[in-house]
Amino acid sequence: MGPAWAAEELNKNLDEATAKDDAREAEGARLQSVVVTSQKRAENAQDVPIPITVIGGDKIKDTALSSASQIGNYIPNLSAERNNGHGLPRWNLRGLYTGDPSGTTVSPLGVYYDDIYISNVTAANRPLFDLERVEVSRGPQGTLWGRNSTGGALNFISKKPTFEPDGYVKLDGGSYDRRRIEGAIGGAILDERLAGRISFYDENQDGFGKNVFGGDSRRGKLEDQAFRAQLLAKLSENLDTLLTVHHREYKTEGVLARATRYGTRANGADQYGFIGTPGLTNANINGRAPLVTQEGISNRLNWQLGKLELTSITAFDDYRSRARGDTDGDGGPYDLQRSWAGVQRSKQISQELRLASPREDRWNWLAGFHYFREDASQSSASASLPNPYTANNFDRLGWDQKTTSYAFFGSNTFNFTDKLNLTSGLRWSSETKSINLLRRTSSNATFSNLNQWWNYSSVSSPLVTAAVQDEEKTWRDWSWDITPAYKVNDNLRVYFRYARGFLSGGFNGGANNQQAVGLVNPEYLTDYEVGLKSEWLDGRLNFNANAFYYDYKDIQTNVQFVFNNRYTSFRTNGAKGKVWGTEFELSALPLDNLRVNAALSRLHTEYTDFVTANRTDYTGDEFGRSPKYSLILGANYKIPLAGKNALVFDTNWNYRSPQWLSIDHTNKAFRDDSRVLGQASVSYLINDGDIKLTAYVDNITDKRYLANSAPGGYNTGNFTYAEPRTVGFSLTKQFF
């Protein structure tokens, strides 16, 4: 078997029926087969007995998608709203989400790049370029994936080197002075021995919000540059290795890259009166939010040992960011509140080993080992500097966290008959975390150096230790899945899935006082799920459906509140909850040149037992960022023209019902209304797509909706809005 990451080799693992499908696809007679590796093997997505949605690399390249979090517009029950441009995604899948995207938080939704787990939530929103596909597996992935993921797994799979020459370049320009160029080039270096591929991405764009302080109308500028270099070596007939190096630099300047609206509470708990004009801020410093550097190196080795295949993935990633800003909203010329984040850093190393038997065996199995180590740290500060309205204050927090985890796992499938099989998996995980945390404050601060107010040496008043923690904790537990599947006929398969997920505990990195210092316990999720996957009308229609129920315990969640006029997101455990829902997905080819897709989701989330330490009772409330209904509709129509040319019309629409943006339901200002977002494009293809000219529009109706909201200091609320309508034009040239 060839390397699992080479597309042409992946397809060889499909059965004869799929090979016949491919031949018919070339004639445009049926929907394309999609190869996935969600179960660490190459399989047809329709044969995998879990809910999985795939977005092809061509789809991503042909749209205006720029960052990982934007794929939520195409996936049932997935969202990832961001606070500043391409940073700080709040991943949410089936109600399980990251409410606090900080360095001490581990998301219940595992994010992977080429099977490599990325722990730091803020490091997981990379730009999308030169991808083979994106796979989204819903439900707990506690057997085969990384550090165990109770919510699901997202795997961004880059396009790999081949021995055939291949490359493209794409130029993109649009609203808010957006300029983007991306491309790739690859092919053989030594015939049948060595191949390479280099990919790059460069985006510049003005922000969607204006800073009007002092008459300055600067927008928050966004810059994002990245590249990826890969080297594929065929060391022997049975041994291949792939070396990958990646680097990224990202920053925003001035105000945030999104329009931010600030206000003061008025007329009771459900109302906010707003100062100024929505979309405008009055920041009296040139902020940075944030400056990010990411880089890493990995090596993947595939070794065919007779009938068995050994896979080794070794990876190192380094993430660094720093930021500063004016956080008092419309404080104007007064320094009511400033923020500073020195350097947040995350260095991680991981090693995975897998040994697998042939998938076509009646009893086939996979066994493996996963090791992970992360060293993370951060220094941050906030202050109210001299002004006529508030007393000076100073608050500085620093922490160092170390994580070591390892796991042994295995999965096997036994085919009782040609129609009935049973897949079962088991994983044992051990994770140790240690933290060294210190928060020091001064409530009536005096400063000797306002230019570097965040340094301890600049504070001349006495400092008080508000919180301190030096602790280490180890968690160990089992996770498993049992999935019987039955093939009713060649076009219909049904399955039942019983799975248990485990997400290890951690610490509250945002503790404001000693009472807030403590442990966050592990969370546990048991999934009961039934589903079907089917193909109809001689391969022109795929219809998949599933229904699930989650028994959710010790839920890791965030409680938002204001302490000493400073917004805080406190990580804690909710005792019990339940989640249930249904998902329907349809893809159809009603005409040879017309493809339509649809997805309908129903989601119910509820805390069945959750009372916080300060006696706040959330029992009966729904989870944050969990709309009850969502609907996705899309269509792609190709009109052939003379001379191997064509016109292609593409559109995608996404509906979400109203949702709370946190677990706090006492203030309706923090509830987002229902929304419909639309995207459309028209492309002119020259010579079978060697050249593509595209005009596009995103957020067609210019819908203004909340990306995030939170209570703020000094009786304010902070409201961050998502992107407005944008239009653009792109030119793509395919080489070879």
Side-chain angles (χ1 to χ4, degrees), residues 36 38-39 45-54 72 74-79 91-97 107-110 135-145 148-154 411 422-425 427 479-486 492-503 523-534 542-557 574 576-586 598-608 622-632 656-657 659:
V36 297
S38 59
Q39 301 297 286
Q46 287 295 102
D47 294 332
V48 179
I50 62 171
I52 179 171
T53 303
V54 180
Y74 299 87
I75 307 295
N77 278 329
L78 174 68
S79 66
W91 300 103
N92 187 314
L93 184 58
R94 289 181 170 179
L96 279 65
Y97 79 111
S107 173
L109 181 60
E135 299 180 8
V136 183
S137 303
R138 301 188 290 279
Q141 306 297 313
T143 301
L144 295 175
W145 285 95
N148 207 334
S149 303
T150 48
L154 280 75
S411 179
L422 175 68
T423 299
S424 58
R427 186 186 193 99
S479 53
W480 65 78
D481 60 77
I482 301 173
T483 308
Y486 184 72
L492 174 62
R493 293 157 298 285
V494 295
Y495 62 88
F496 168 76
R497 190 165 189 261
Y498 170 51
R500 181 183 188 265
F502 153 75
L503 184 65
E523 69 176 22
Y524 303 89
L525 186 147
T526 304
D527 174 27
Y528 306 87
E529 192 151 353
V530 294
L532 67 86
K533 295 192 173 185
S534 62
N542 289 354
F543 176 73
N544 301 334
N546 63 81
F548 60 91
Y549 177 87
Y550 289 170
D551 183 6
Y552 204 8
K553 297 180 179 179
D554 294 325
I555 304 166
Q556 295 181 12
T557 189
K576 294 181 181 179
K578 63 181 179 181
V579 180
W580 58 261
T582 55
E583 296 164 340
F584 304 91
E585 293 183 273
L586 179 148
L600 174 65
S601 307
R602 169 71 167 98
L603 182 67
H604 174 88
T605 63
E606 180 183 350
Y607 291 104
T608 56
E622 63 187 48
F623 298 177
R625 300 181 180 272
S626 302
K628 290 183 178 180
Y629 297 97
S630 61
L631 174 65
I632 299 170
R656 308 259 169 141
S657 62
Q659 59 180 317

How about [X] and [Y]: do any of their side-chain heavy atoms sit closer than 4.5 Å?
{"X": "Asn544", "Y": "Pro51", "value": "no"}
{"X": "Tyr498", "Y": "Trp480", "value": "yes"}
{"X": "Val579", "Y": "Phe548", "value": "yes"}
{"X": "Leu109", "Y": "Leu96", "value": "no"}
{"X": "Thr150", "Y": "Gln556", "value": "no"}

Test the Arg602-Tyr629 pair against the cation-pi criterion, namely NZ or CZ under 6.0 angstrom from the six-membered ring centroid and within 45° of the ring axis.
yes
Under the ring pair (Phe, Tyr, Trp, His ring centres under 6.0 Å) test, which residues partner [X], sequence neighbours left out?
{"X": "Tyr524", "answer": "Phe502"}
{"X": "Phe623", "answer": "Tyr607"}
{"X": "Tyr74", "answer": "none"}

Non-neighbouring partners of Arg94 that pass side-chain hydrogen bond (donor to acceptor under 3.5 Å, both in side chains), sequence neighbours left out:
Glu529, Asn546, Tyr550, Glu583
Which atom pair, heavy atoms only, marks the closest approach of [X] to [Y]?
{"X": "Gly139", "Y": "Asp527", "result": "CA-OD2, 4.4 Å"}
{"X": "Thr423", "Y": "Ser411", "result": "CG2-OG, 3.9 Å"}
{"X": "Ser137", "Y": "Ser38", "result": "OG-CB, 3.5 Å"}
{"X": "Ser626", "Y": "Asn92", "result": "OG-ND2, 4.0 Å"}
{"X": "Ser534", "Y": "Gln46", "result": "O-NE2, 3.4 Å"}

Rounded distance (nearest 0.5 Å) linking atom [atom1] of [X] with atom [atom2] of [Y]:
{"X": "Gln39", "Y": "Asp47", "atom1": "CD", "atom2": "CG", "result": "12.0 Å"}
{"X": "Leu525", "Y": "Ser479", "atom1": "CG", "atom2": "OG", "result": "11.5 Å"}
{"X": "Ser657", "Y": "Leu631", "atom1": "OG", "atom2": "CG", "result": "11.0 Å"}
{"X": "Lys628", "Y": "Gln659", "atom1": "NZ", "atom2": "CD", "result": "12.5 Å"}
{"X": "Thr605", "Y": "Trp580", "atom1": "OG1", "atom2": "CH2", "result": "10.5 Å"}
{"X": "Phe584", "Y": "Leu532", "atom1": "CZ", "atom2": "CG", "result": "9.0 Å"}

Evaluation steps, side chain to side chain contact (heavy atoms under 4.5 Å, CB included), between Ile50 and Thr483
CA-CA 9 Å; Ile50 62 171; Thr483 308; 5.6 Å; no
Residues which pass salt bridge (Lys or Arg N to Asp or Glu O under 4.0 Å) with Glu523, listed by chain and number, not counting sequence neighbours
none
If the condition is salt bridge (Lys or Arg N to Asp or Glu O under 4.0 Å), which residues does Arg427 pass it with, not counting sequence neighbours?
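Per chain and number, Arg427 pairs via salt bridge (Lys or Arg N to Asp or Glu O under 4.0 Å) with no residue.
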Over 60° means perpendicular and under 30° means parallel, so tell me whether Tyr528 and Tyr549 are parallel, tilted or perpendicular.
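Plane angle between 30° and 60°, so tilted.
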Go through it in stages, so that I can follow the logic: the residues are Asn542 and Lys533, the test is side chain to side chain contact (heavy atoms under 4.5 Å, CB included), and I'd like the CA-CA distance, side-chain angles, deciding distance and then a yes or no.
CA-CA 8 Å; Asn542 289 354; Lys533 295 192 173 185; over 6 Å; no
Tell me, with the steps shown, if Ser601 and Leu603 meet side chain to side chain contact (heavy atoms under 4.5 Å, CB included).
CA-CA 6 Å; Ser601 307; Leu603 182 67; 5.9 Å; no
Would Val494 and Val530 count as a side chain to side chain contact (heavy atoms under 4.5 Å, CB included) if you check the C-alpha gap in whole Å, the side-chain angles of each, and the deciding distance to 0.1 Å?
CA-CA 8 Å; Val494 295; Val530 294; over 6 Å; no
For Val136, is there any backbone N or O sitting under 3.5 Å from a side-chain donor or acceptor partner on Thr53?
no
Examine the side chains of Asp481 and Gln141 and answer whether a donor and an acceptor come within less than 3.5 Å of each other.
no
